Chemist: 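I'd like to ask some things about the structure below.
Treat the numbers as computed from the prediction; the structure is a model and nothing was measured. Chain letters run A, B, ... following the sequence lines, proteins first and then strands; every chain starts at 1.
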Amino acid sequence: MDYKDTLNLPQTDFPMKASLSVKEPERLKKWADEKAYEKMLSVRDRNNPYILHDGPPYANGDIHIGHALNKILKDIIIKTKALEGFYTPYVPGWDCHGLPIELQVDKKLGSKKAEMSKSEIRKECRKYADKFIDNQRQGFIRLGGFGDWYNPYITMDYKYEAKTLQELYRFFDNGGVFKGLKPVYWCTSCVTALAEAEVEYDNHTSTSVFVKFPMKDAFKAKFGLKESDRVSAVIWTTTPWTLPANLGICANAELEYSIVKVTDTCNKNLAAGEYLILATELIKNLAETFHMHAYDSVKTFFGTELEMVEFKHAFYDRVSLGILGDHVTLEAGTGLVHTAPGHGQEDYEVGLKYGLEILNPVDDHGRYKRNVELFAEESIYKAGPKIVELMDEQGSLLSHSDISHSYPHCWRCSKPVIFRATPQWFIGMENNDLRKNVLSELKKVRWTPAWGENRITAMIENRPDWCISRQRSWGVPIAVFLCEDCDEVVTNHDIQERVLAAFREHGADAWFDMDNSAFIPEGTKCPKCGGTHFKKETDILDVWFDSGTSHAAVLEERPELSWPANMYLEGSDQHRGWFHSSILESVGTRGVAPYKEVLTHGFVVDGKGRKMSKSLGNGVDPKEIINKYGAEILRLWVAAEDFTEDVRISDDIISRLVESYRKIRNTARYLLGNLYDFNPDTDMVDFKDMLDLDRFALVRWQTVKKRIYEAYDKYQLHVFYHSFLNFCIGDLSSFYLDILKDRLYAYKPDSRERRSAQTALYTIVKEMSIVMAPVLCFTADEIYEYIPSSKEKKENVFMEMFASVTEYKDEANTAKWQKILEVRKEATKALELARAAKIIGHPLDADIIIGSDEETAKALKADEGIERIFIVSEVKFADMNSMTDCHTSEDGKIKVKVTPSANTKCERCWTKSASVGHSAEHPTLCTRCAGAIA
RNA sequence: GCGAGUGUGGCGGAAUUGGUAGACGCGCUAGACUUAUGAUCUAGUGUCCUAGACGUGGGGGUUCGAGUCCCUUCACUCGCACCA
């Protein structure tokens with residue numbers, strides 16, 4: 001008789017091979033058909049919400065590995081919170097306005113763009129963004145994330161655009177906004193502002209000049225000079241046309257400067273006896289440039305001495321103020337930098353610091369304005385040489401020459417661009433104490449990792465006013481009217497409501513398409529000058545303002561959501577981006593942070609820690625991994641890595657994860673395979689009636705579960721990964737399940753011994769599927785399907801709750817098994833040595849003799865027989881002092897001797913037992929097996 | 001350049017307050033089993049030629065003792081834009 005058929009071997013249709021790339025799409029469809037996300041929410045308490053507010057990705061390009069990290073992480077947290085019982089609606093979003101899309105559309109339109117109206121261009125941009133939203137949506141869904149994917153928030157939705165404007169109006173109403181000047185790249189040929197991305201660097205020949213700025217008499221004494229002494233600071237510039245805008249001379253506080261007295265020179269604009277101020281280190285070279293044949297250094301000092309010292313402009317009767325800036329170096333020039341706050345970024349910043357005027361004497365077409373002395377209405381390009389000539393004539397020019405250097409040019413017309421101050425709208429950091437209030441709100445937010453708080457705090461402390469205006473087409477217009485006579489902003493509740501209503505109905509295009517009369521009630525007058533003619537502001541908003549208002553446009557508007565968010569979760573770059581703009585907006589309008597907690601992740605880098613780039617060719621495409629291994633592997637990757645730092649990905653890392661996944665899957669498969677005849681409603685054994693080993697297994701699982709819950713709570717997903725995997729490998733596969741085989745296979749199907757084991761297996765596999773569901777959502781749901789039906793079984797795993805941690809009162813048993821584990825370790829070691837020595841093959845060929853102290857020997861008892869625990873045929877005990885020729889533990893407290901068993905092998909369970917032959921009916925079986933098939 | 005972060009085996013990651021570095025797992029190498037079988041179990045595995053020595057990016061320092069604290073240096077990542 002073939003007794004194999006009488007064993008209860010595992011049976012299951014749960015496939016060993018996951019075929020994830022094929023099966024995942026099927027499951028996604030199933031979830032969509034069954035409305036799994038909605039059902040997950042339907043069993044939660046709406047009064048107990050957990051809102052993770054999605055930071056909108058930009059609607060451009062395919063999804064990349066960084067998106068995958070971010071979206072998977074969000075989904076894991078959402079599912080974790082859902083399984084904890086929270087109501088967790090997730091509304092994904094997309095950021096749609098902005099330059100990158102406009103530039104793409106520009107490229108597509110080419111020269112046609114010039115003939116198109118603003119709203120025609122905007123329609124093209126909208127089409128473009130729509131396409132990528134759909135594209136990215138499919139990519140995100142494929143990752144397994146739950147959410148309201150077909151009803152997302154989109155910053156170009158009409159209602160969202162209206163809401164964005166409404167938020168802006170709040171700033172206008174509370175005095176948070178002002179109009180100022182700020183330098184931008186400007187093409188005088190195309191008459192437009194340019195972005196950095198629209199600027200190309202190319203060689204350009206400029207005239208470089210060295211110019212004297214005489215020190216005002218009142219300051220000479222400070223440097224030990226008489227009022228009659230001629231002393232000048234010397235500056236250098238390659239853009240002489242910006243000199244009419246000069247308002248300052250910038251020194252570096254840490255550099256050393258000298259006053260030198262000229263004693264011999266052939267420079268016609270320099271006289272013996274004249275004094276010059278120059279950076280000490282550069283004097284030697286400059287002396288040559290200036291034809292200064294001999295000179296004496298009369299005084300040296302640090303740059304700090306020049307702060308607030310007044311100089312006279314080279315050719316205007318105007319003060320140029322001595323100021324300090326870190327950007328001043330000795331690489332070129334004199335160590336003293338000509339500063340025109342209206343014509344340079346650094347000049348602008350340092351100018352703001354010293355309260356200099358942001359002077360811009362140049363108009364849109366590159367001509368000096370009418371009020372500019374000497375050069376009124378002259379083109380700056382033509383005026384350049386004239387300025388040089390003038391300075392040479394009146395004696396302030398020390399030297400000039402042509403130099404060729406890299407200079408920004410317009411990408412459209414290839415002409416050189418200028419840097420020029422233009423009127424801009426700002427949200428003032430000091431208005432309504434915005435900076436102060438944001439800083440105090442930052443402290444109330446929980447930042448993970450903790451250094452995020454320092455990072456964003458430093459940024460808020462140092463940032464300038466927020467420039468929210470852009471001279472572009474694709475965005476939400478700053479929809480306010482200005483008085484044509486006095487430039488005053490004309491806005492009131494009535495006008496605002498009309499504009500907002502038009503936005504809600506027609507989108508922001510209404511601002512460009514509709515006439516002023518549609519928005520301005522008849523009889524409206526400028527509150528300042530009483531004027532009755534108004535013009536539209538046509539600048540659009542910085543897109544950071546769009547996404548910064550999402551807390552208002554989404555959380556406050558959607559009935560299923562609530563404000564503020566529990567969590568914002570993005571990459572660490574968003575300290576500068578969305579975390580930043582959101583809290584500025586929220587505190588500026590509501591005085592409170594829009595989030596309670598901020599979690600950040602690092603960036604995805606390659607296996608060597610380098611960023612991914614096209615030139616290095618080290619990029620990893622999530623689609624490739626999904627198609628080859630499945631999204632589940634990416635999810636496992638997210639969980640396995642410590643995402644608070646930069647996250648590495650490589651073929652090696654992925655193949656490790658594939659192996660881990662197989663282990664988890666096979667463990668689950670084995671558990672399921674042994675439950676084919678188990679009915680949870682009728683076959684469960686009470687804990688107290690279970691075999692001691694099964695009770696121990698359940699106790700172990702509680703410990704692991706607890707650890708995992710704590711890890712989830714702290715977002716330490718890699719702790720979940722390691723604990724969970726180790727439980728599968730260490731506790732189940734190589735220990736508990738290995739021992740259990742005999743009991744599951746050989747006992748009567750409905751025996752207490754077998755049902756006890758199945759009760760433990762059922763509990764563990766069911767709870768495991770729930771615990772792993774946030775991370776391995778595809779596999780968890782698949783496992784859950786195969787779990788034996790019961791009254792309690794839900795439609796899918798996401799409708800479950802995390803099983804609570806049961807505090808079993810079974811300490812004595814647990815302690816006993818700890819002891820057994822120690823001895824078992826020595827036994828397996830001894831068996832391995834015996835196997836190597838060819839004494840035995842399979843451990844069931846062996847008998848072992850254990851020598852130990854009395855206490856340990858007493859503990860070595862198990863309900864099913866201690867030999868089952870060691871998976872040997874027989875265990876005997878002996879006085880350890882009498883044992884020779886055996887394995888001894890390192891501490892000498894345990895001895896194990898292995899001998900081949902002399903008994904006959906039971907044909908059914910392969911144990912060698914003295915009882916084989918006792919049964920007349922089954923002479924080749926042991927008593928246990930004979931009984932089991934009776 | 002400035003601000004922030006990170007450097008531990010082939011890989012993921014451990015190391016309470018300064019106290020045996022590399023737990024645990026993967027991988028790899030051997031072996032066992034053929035009743036989880038494209039599975040499962042067991043043992044070994046930082047480096048160097050052994051005794052022994054050396055090892056937490058490099059170099060200094062504090063200390064009886066440093067992955068951990070201090071100084072310095074290098075590498076990588078993020079941010080400093082009309083840029084999402």
Chemist: Using a heavy-atom cut-off of 4.0 Å across all strands, would you classify G98(A) as base, sugar-phosphate, or nothing?
Modeler: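 Result for G98(A) = sugar-phosphate.
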
Chemist: Looking at U29(B), which nucleotide sits across from it as a Watson-Crick or G-U wobble partner, both distances under 3.5 angstrom, or is there none?
Modeler: A43(B)

Chemist: Can you tell me the Watson-Crick or wobble partner of C64(B), both distances under 3.5 angstrom?
Modeler: G19(B)

Chemist: Atom CE of M156(A) and atom P of A84(B): how far apart are they, to the nearest Å?
Modeler: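 The answer, rounded to whole Å, is 15 Å.
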
Chemist: Looking at C33(B), G27(B), G79(B), which one has an atom nearest to any side-chain atom of M459(A)?
Modeler: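 Nearest listed nucleotide: G79(B).
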
Chemist: Write down the distance separating the P atoms in A23(B) and A4(B), rounded off to the nearest Å.
Modeler: 35 Å

Chemist: With rounding to whole Å, what would you report as the distance between G12(B) and C54(B) at their C1' atoms?
Modeler: 26 Å

Chemist: Please check if the distance between the ring centroids of W578(A) and H53(A) is under 6.0 Å.
Modeler: yes

Chemist: Under a 3.5 Å limit for both distances, which nucleotide forms a Watson-Crick or G-U wobble pair with U35(B), could you say?
Modeler: none

Chemist: State whether a side-chain donor-acceptor pair under 3.5 Å links D891(A) with S889(A).
Modeler: yes

Chemist: Using a heavy-atom cut-off of 4.0 Å across all strands, would you classify K829(A) as base, sugar-phosphate, or nothing?
Modeler: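 Sugar-phosphate contact only.
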
Chemist: With a cut-off of less than 4.0 Å, is there a side-chain N or O of Y745(A) near OP1 or OP2 of A36(B)?
Modeler: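 Y745(A) to A36(B) OP1/OP2: side-chain N or O found under 4.0 Å.
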
Chemist: K838(A) has a side chain; which of U77(B), C41(B), A32(B) sits nearest to it?
Modeler: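 For the K838(A) side chain, the nearest candidate turns out to be A32(B).
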
Chemist: Taking the same atom, P, in G44(B) and in C24(B), what whole-Å distance lies between them?
Modeler: 11 Å

Chemist: Would R928(A) count as a cation-pi partner of Y747(A), with NZ or CZ less than 6.0 Å from the six-membered ring centre and within 45° of the ring normal?
Modeler: yes

Chemist: Just jot down the side-chain contact (heavy atoms from CB on, under 4.5 Å) partners of S613(A), sequence neighbours excluded, or say none.
Modeler: S615(A), L616(A), N618(A)

Chemist: State the pairing partner of C48(B); accept Watson-Crick or G-U wobble contacts with both distances under 3.5 Å, and report none otherwise.
Modeler: G52(B)

Chemist: Which one, A84(B), U77(B), G3(B), comes nearest to the side chain of D646(A)?
Modeler: U77(B)

Chemist: Counting Watson-Crick and G-U wobble pairs only, both distances under 3.5 Å, name the nucleotide matched with U8(B), or none.
Modeler: none

Chemist: Contact class for D642(A) vs. all strands (heavy atom < 4.0 Å): base, sugar-phosphate, or nothing?
Modeler: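 Answer is sugar-phosphate: D642(A) comes under 4.0 Å of backbone atoms only.
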
Chemist: Say we look at G10(B) and G57(B): how far apart would their P atoms be, to the nearest angstrom?
Modeler: 13 Å

Chemist: Angle class for the F14(A)/Y786(A) ring planes (parallel below 30°, perpendicular above 60°, tilted otherwise)?
Modeler: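 The rings of F14(A) and Y786(A) stand perpendicular, inter-plane angle above 60°.
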
Chemist: State which of G25(B), U35(B), A36(B) makes the closest approach to the side chain of W910(A).
Modeler: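 So the nucleotide nearest the side chain must be U35(B).
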
Chemist: At under 4.0 Å between heavy atoms, what does K663(A) touch on the DNA or RNA strands: base, sugar-phosphate, or nothing?
Modeler: sugar-phosphate

Chemist: Could you check whether W466(A) and F545(A) have their ring centres less than 6.0 Å apart?
Modeler: yes

Chemist: When the C1' atoms of A14(B) and G22(B) are considered, how many whole Å apart are they?
Modeler: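 Here A14(B) and G22(B) have their C1' atoms 8 Å from each other.
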
Chemist: Between C2(B) and A81(B), how far is it from one C1' atom to the other, in whole Å?
Modeler: 16 Å

Chemist: Below 3.5 Å, does any donor atom in the side chain of S733(A) face an acceptor in the base of A36(B), or the other way round?
Modeler: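 Answer is yes: a donor-acceptor pair is held.
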
Chemist: If I take atom CZ in residue R656(A) and atom P in nucleotide C26(B), what distance separates them, rounded to the nearest angstrom?
Modeler: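 From R656(A) CZ to C26(B) P: 11 Å.
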
Chemist: Taking atom types as they are modelled, would you say the side chain of R576(A) forms a donor-acceptor pair with the base of C78(B) within the 3.5 Å cutoff?
Modeler: no

Chemist: Among A39(B), G13(B), U35(B), which is the nearest nucleotide to the side chain of H718(A)?
Modeler: G13(B)

Chemist: Choose from U6(B), C78(B), G25(B) the nucleotide whose nearest atom is closest to any side-chain atom of F603(A).
Modeler: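 Nearest to the side chain of F603(A) among the choices is C78(B).
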
Chemist: In the strands shown, is C78(B) matched to any nucleotide by a Watson-Crick or G-U wobble pair with both distances under 3.5 Å, and which?
Modeler: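 Its partner is G3(B) (Watson-Crick or G-U wobble, both distances under 3.5 Å).
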
Chemist: Does the A84(B) base have a donor-acceptor partner in the side chain of W544(A) within less than 3.5 Å?
Modeler: yes

Chemist: S660(A) near the nucleic acid: base, sugar-phosphate alone, or nothing, with a heavy-atom cut-off under 4.0 Å?
Modeler: nothing

Chemist: With heavy atoms under 4.0 Å as the rule, sort E641(A) into base, sugar-phosphate or nothing.
Modeler: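 E641(A): backbone/sugar contact only, no base atoms under 4.0 Å.
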
Chemist: Measuring from the side chain of V605(A) (C-beta onward, heavy atoms only), which nucleotide among G79(B), G38(B), U77(B) has the closest atom?
Modeler: U77(B)

Chemist: N666(A) near the nucleic acid: base, sugar-phosphate alone, or nothing, with a heavy-atom cut-off under 4.0 Å?
Modeler: base

Chemist: Can you check the distance between G46(B) and C33(B), where both ends of the measurement are the P atom (answer in whole Å)?
Modeler: 28 Å

